[in-house]
Amino acid sequence: MKKKIICVFGKPINHSLSPIIHNYFYKKNNISLYYKALNIKNKKMLKKEWINLVKCGGIGLNVTVPYKHYAIKLANKVCYRAKIAGAVNTLIINKTNLYGDTTDGVGLIRDLKRLKIKLLNKRILLLGAGGAINSIIQQLLDLGPKKIYLVNRTLLKCKEIINRFNLKNIIKFCSYEALKNKKSFDVIINGTSLSIKKDKISLYKNIFKKTIAYDLMYSNLMTNFLLFSKLNKAKIYDGLGMLIEQAAETYFLLNNIHPKTKNLHKTLRNLLNNNDKKKYY
Ligand code: ATR
């Protein structure tokens with residue numbers, strides 16, 4: 001049987017677990033797959049490799065940091081949720097069209113459901129206002145939170161998001177500094193790239209009280225955000241579950257089958273903790 005070809009483009013990409021996840025889904029469903037992770041140095045290379053992928057009969061592309069914004073330009077049709085996010089993490093190649101979509105929001109919501117984290121009437125704090133936050137905010141709003149606070153170094157990006165949604169009673173923004181005067185939050189989600197860069201995060205203790213802290217990133221080491229949250233007695237979760245669930249949604253878009261993810265959560269956690277990726281390739 002002819003192998004389906006899919007790539008993931010990003011920088012850095014070596015740490016990516018996407019090849020393992022996608023190989024797992026395809027194997028379980030008896031579909032032959034060739035999945036390649038490419039470290040993409042710049043936008044020019046991204047375009048070139050994308051053209052190559054389309055030419056050689058690839059069925060889809062996963063896009064990760066830092067190209068999600070830019071990759072939207074590679075599509076000639078963009079679905080509603082990607083338009084709102086202004087970013088794509090999935091490109092679907094078919095005979096007549098190159099569809100852009102984002103599965104991050106759905107991935108997060110499914111993971112929150114799996115973890116039994118409810119947002120209805122809750123006070124939510126989102127750290128960051130870049131691609132990661134833009135990709136999830138609509139789905140978070142759909143869960144009916146009481147307030148969503150956006151915090152970012154560059155406040156203009158928060159203003160842009162607020163203007164786009166036009167929900168001034170629900171979405172507010174402030175600086176990191178202003179957090180020291182805020183009440184505690186039920187859920188804090190880190191969508192900054194600080195976790196990747198391993199930089200320190202400057203937050204204040206007062207924003208934690210029986211808080212759930214969720215980092216959209218995952219790592220075998222605890223991120224600084226989760227470390228600080230844990231010190232402040234928050235329940236902490238990283239983005240590994242979201243990664244699995246967004247990949248499952250991408251698999252669905254490409255194959256029209258919902259793959260089972262339950263066992264994968266445990267397998268991948270063990271794998272990440274033991275830092276032993278090679279075993280699974
Ligand atoms: P992504 O697609 O991962 O969201 P991005 O669009 O470049 O990447 O956004 C990165 C986010 O991390 C932004 O919110 C960025 O803040 P700015 O918009 O002010 O740049 C945030 N970020 C990156 N480094 C940071 C740092 N050292 N301190 C605080 N926020 C940081």
Side-chain angles (χ1 to χ4, degrees), residues 8-18 39-43 46 61-75 78 81-91 100-108 124-140 148-165 171-180 182 185 188-204 207 213-219 223-229 238-240 242-243 246-247 250:
V8 57
F9 291 172
K11 182 177 76 176
I13 201 70
N14 280 346
H15 76 289
S16 174
L17 295 175
S18 290
N39 190 50
I40 299 289
K41 289 191 192 113
N42 49 41
K43 290 174 185 168
L46 181 104
L61 174 70
N62 294 138
V63 185
T64 186
V65 179
Y67 297 115
K68 290 182 186 181
H69 281 302
Y70 180 72
I72 202 165
K73 293 185 185 151
L74 304 177
V78 176
R81 57 189 181 187
K83 244 183 228 163
I84 288 187
V88 298
N89 72 348
T90 304
L91 285 147
D101 202 340
T102 177
T103 62
D104 286 337
V106 175
L108 174 63
I124 318 290
L125 174 64
L126 302 182
L127 308 178
I133 292 298
N134 273 285
S135 300
I136 60 166
I137 193 158
Q138 176 64 64
Q139 281 81 7
L140 293 179
I148 293 186
Y149 265 89
L150 295 170
V151 177
N152 199 40
R153 261 185 331 195
T154 317
L155 289 176
L156 189 64
K157 289 192 195 168
C158 298
K159 284 184 194 160
E160 278 166 10
I161 295 178
I162 290 181
N163 289 340
R164 186 147 25 98
F165 286 96
I171 318 181
K172 309 262 181 206
F173 74 95
C174 69
S175 64
Y176 281 97
E177 193 53 26
L179 281 177
K180 71 174 171 219
K182 294 280 178 250
F185 293 90
I188 304 178
I189 297 176
N190 178 32
T192 68
S193 48
L194 277 168
S195 307
I196 309 177
K197 297 197 248 165
K198 299 197 171 71
D199 287 349
K200 275 250 156 66
I201 194 146
S202 37
L203 295 174
Y204 296 91
I207 61 171
Y214 190 109
D215 200 322
L216 298 182
M217 282 305 300
Y218 63 89
S219 158
T223 63
N224 283 326
F225 163 67
L226 292 184
L227 213 57
F228 187 81
S229 303
D238 72 4
L240 186 65
M242 172 181 168
L243 178 82
Q246 64 77 26
T250 295

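We're numbering straight along the sequence, starting at 1. Note that ligands are numbered from 1 as they come in the structure, with each ligand's atoms numbered from 1 the same way.
- Screening Leu194, Leu150, Ile188 against Leu127 for a side-chain contact (heavy atoms from CB on, under 4.5 Å) leaves a single residue, Ile188.
- The line from CD of Gln246 to OG of Ser18 is 6.0 Å long, rounded to the nearest 0.5 Å.
- Interface of Lys157 with ligand 1, defined as ligand atoms under 4.0 Å from a residue heavy atom, comprises 17 (P), 18 (O), 20 (O).
- Between the side chain of Tyr70 and the backbone N or O of Leu46, no donor-acceptor pair lies under 3.5 Å.
- Comparing Pro66, Gly131, Ser135 against atom 6 (O) of ligand 1, the shortest heavy-atom distance belongs to Gly131.
- Considering both main-chain and side-chain atoms, Ile133 never comes within under 3.5 Å of ligand 1 through any nitrogen or oxygen pair.
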Would Asn14 and Asn39 count as a side-chain contact (heavy atoms from CB on, under 4.5 Å) here? Give the steps.
CA-CA 8 Å; Asn14 280 346; Asn39 190 50; 5.8 Å; no

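- Ligand 1 lies nowhere less than 4.0 angstrom from a heavy atom belonging to Lys68.
- Between Gly128 and ligand 1, not a single N/O pair is under 3.5 Å apart.
- The aromatic rings of Tyr149 and Phe185 lie perpendicular to each other, with more than 60° between the two planes, well past the 30° mark.
- At least one N or O atom of Thr154, backbone or side chain, sits closer than 3.5 Å to an N or O atom of ligand 1.
- Considering backbone and side-chain N/O of Leu194, none are found under 3.5 Å from N/O of ligand 1.
- Between the side chains of Asp215 and Thr223, at least one donor N or O sits under 3.5 Å from an acceptor N or O.
- For ligand 1, the atoms sitting less than 4.0 Å from at least one non-hydrogen atom of Asn152 are 13 (C), 14 (O), 15 (C), 16 (O), 17 (P), 18 (O), 19 (O), numbered in the order shown with element in parentheses.
- Numbered from 1 in the order shown, with element, the atoms of ligand 1 that lie under 4.0 Å from a heavy atom of Ala132 read 1 (P), 2 (O), 4 (O).
- Listed by atom number, the atoms of ligand 1 under 4.0 Å from Gly130 heavy atoms are 4 (O), 6 (O), 9 (O), 14 (O).
- Inter-residue side-chain proximity for Tyr214 and Leu108 is flagged as met; some heavy-atom pair is nearer than 4.5 Å.
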